[in-house]
2 protein chains.
Amino acid sequence: MQTPEIYISQKPQLLARTRVIKALSHPTRLFIVEELEKGERCVCELTAMIGADVSTVSKHLSILRQAGILEDDKRGNQVFYRLKVPCILNFFGCVESVLHSQRQHDTLR
Amino acid sequence: MQTPEIYISQKPQLLARTRVIKALSHPTRLFIVEELEKGERCVCELTAMIGADVSTVSKHLSILRQAGILEDDKRGNQVFYRLKVPCILNFFGCVESVLHSQRQHDTLR
DNA sequence: CATTGATTTGGCTATATTGCCAAACATGCA
DNA sequence: TGCATGTTTGGCAATATAGCCAAATCAATG
């Protein structure tokens, strides 16, 4: 070891993992993942539920797909998305436990 | 239901969860969490491993602490951080499975 | 109390992300 | 082919995030 491994946050493994987690780090995308737990949905259904512009929803879906979390299936002129890696959902239980352990630790802004 | 629930991504629960996930969505912070799996570390140790400015590392630690993922413990003039919610680590296994299921799905940039 | 070592905070610039609109692409069907 | 429906892409403005330096804190100790 010379310097601290050049710059640790450039390590490919960390970057790859970060890409997946980053894909989940947006309220709309989190909503999409939770909704798809119930089954596949087309872009139009998700858009109606979310209430943002279709193009915005489409871009969120694209981010989740590129991260490998969703897969899409085009049927007719609609595109259906579904969860490719359902274990993602197990994580939310843990996230909840983080939230519950937050009694009042410092500034919760 | 009127409009799509005002704007779904503003729902408090989604925002709270997002805050936790967002805290994990940076290579340096991911590294910190993985490192703390082995035991508590002071800021100076983490800084040496990471190789960024101390102030940068301190801010990353602060983000993880505010998200409820880490807790700190000041002893003498050093501050030691440790994992408050170790279940976070289970998630990484799932993240790996996402990565491994990525054969060649579209542009992996 | 001055100094040193450890950490946090303020401030600023550079970069990344988000969301909308408009336009481009399909697909199905008259 | 022409049109309607559904989806993606390009582009841009607004906002958020990251990282460094400098300065402020805080504890230990001479």
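Naming: A, B, ... by sequence-line order, numbering from 1 per chain. This structure is a prediction, so every number in the text was calculated from the model and none was measured. Heavy-atom basis, side chains included; hydrogens, waters and symmetry copies ignored.
- Contact check on Glu40(A) versus Arg75(A) returns a salt bridge, with a Lys/Arg side-chain nitrogen under 4.0 Å from an Asp/Glu carboxylate oxygen.
- Taking atom CG of Leu24(A) as the reference point, atom P of dT18(C) lies 12 Å away to the nearest angstrom.
- For Asn77(A), counting side-chain heavy atoms from C-beta on, the closest listed nucleotide (dT17(C), dT5(D), dA27(D)) is dT5(D).
- At a cut-off of 3.5 angstrom, the base of dG28(C) holds no donor-acceptor pair with the side chain of Lys74(A).
- Here Tyr81(B) reaches the OP1 or OP2 of dT8(C): one of its side-chain N or O atoms lies under 4.0 Å away.
- Val33(B) is not listed as a side-chain neighbour of Phe31(B), based on a closest heavy-atom distance of 4.5 Å or more.
- Where Val54(B) and Ser55(A) each meet DNA chain C at their nearest nucleotide, the meeting point lying more 5' is that of Val54(B).
- When each of Arg29(B) and Gly76(B) is assigned the nucleotide of DNA chain D bearing its nearest heavy atom, the one mapping closer to the 5' terminus is Arg29(B).
- Contact annotation: His26(A) reaches the phosphate of dG19(C) (side-chain N/O to OP1 or OP2, under 4.0 Å).
- Across the interface with DNA chain D, nearest-nucleotide mapping of Lys22(A) and Val43(A) shows Val43(A) to be the residue nearer the 5′ end.
- As rounded to whole Å, 12 Å separates atom P of dT8(D) from atom CG of Leu64(A).
- For Arg17(B) and Phe92(A), the positive end sits near the middle of the six-membered ring, less than 6.0 Å away and at most 45° from its axis.
- Rounded to an integer number of Å, the gap from Asp72(A) CG to dA26(C) P is 14 Å.
- Ion pair Glu71(B)/Arg82(B) flagged as a salt bridge, since at least one NZ, NE, NH1 or NH2 atom sits closer than 4.0 Å to an Asp/Glu carboxylate oxygen.
- Within the structure, every side-chain polar atom (N or O) of His60(B) is placed at least 4.0 Å from both OP1 and OP2 of dT17(D).
- Rounded to whole Å, atom P of dA27(D) lies 14 Å from atom CG of Asp73(B).
- Linking Ile, Leu, Val, Met, Phe, Trp and Tyr residues whenever their side-chain heavy atoms come within less than 4.5 Å leaves Leu64(B) and Phe80(B) in two separate clusters.
- If you chain together hydrophobic residues whose side chains sit under 4.5 Å apart, Leu15(A) and Ile32(B) never meet in one group.
- Between the P atom of dA6(C) and the CG atom of Leu46(B) lies a distance of 14 Å, rounded to the nearest Å.
- A donor-acceptor pair under 3.5 Å is absent between the side-chain atoms of Gln66(A) and the main chain of Ile63(A), judged by distance alone.
- In the set dT27(C), dC21(D), dC21(C), dC21(C) carries the atom at the smallest distance from any side-chain atom of Asp53(A).
- Rotation axes derived from the C1' atoms of the five outermost pairs at either end of the helix from dC1(C)-dG30(D) to dA30(C)-dT1(D) lie 10° apart, to the nearest 10°.
- Atom CG in Leu61(B) sits about 7 Å away from atom P in dT8(C), given to the nearest Å.
- The listed nucleotides are dG19(D), dA27(D), dC20(C); the one nearest the side chain of Thr56(A) is dC20(C).
- Between His60(B) and His26(B), the ring planes are tilted. Angles from 30° to 60° get that label.
- Using a 4.0 Å heavy-atom distance criterion, Phe80(B) is classed as making no nucleic acid contact.
- With DNA chain C read from its 5' end, the first of the two nearest nucleotides for Arg75(A) and Lys59(A) is the one closest to Lys59(A).
- Separating the CD1 atom of Ile50(B) from the P atom of dT7(C) is a distance of 12 Å, rounded to the nearest angstrom.
- If you measure from atom CD1 of Ile63(A) to atom P of dA16(C), you get 14 Å, rounded to the nearest angstrom.
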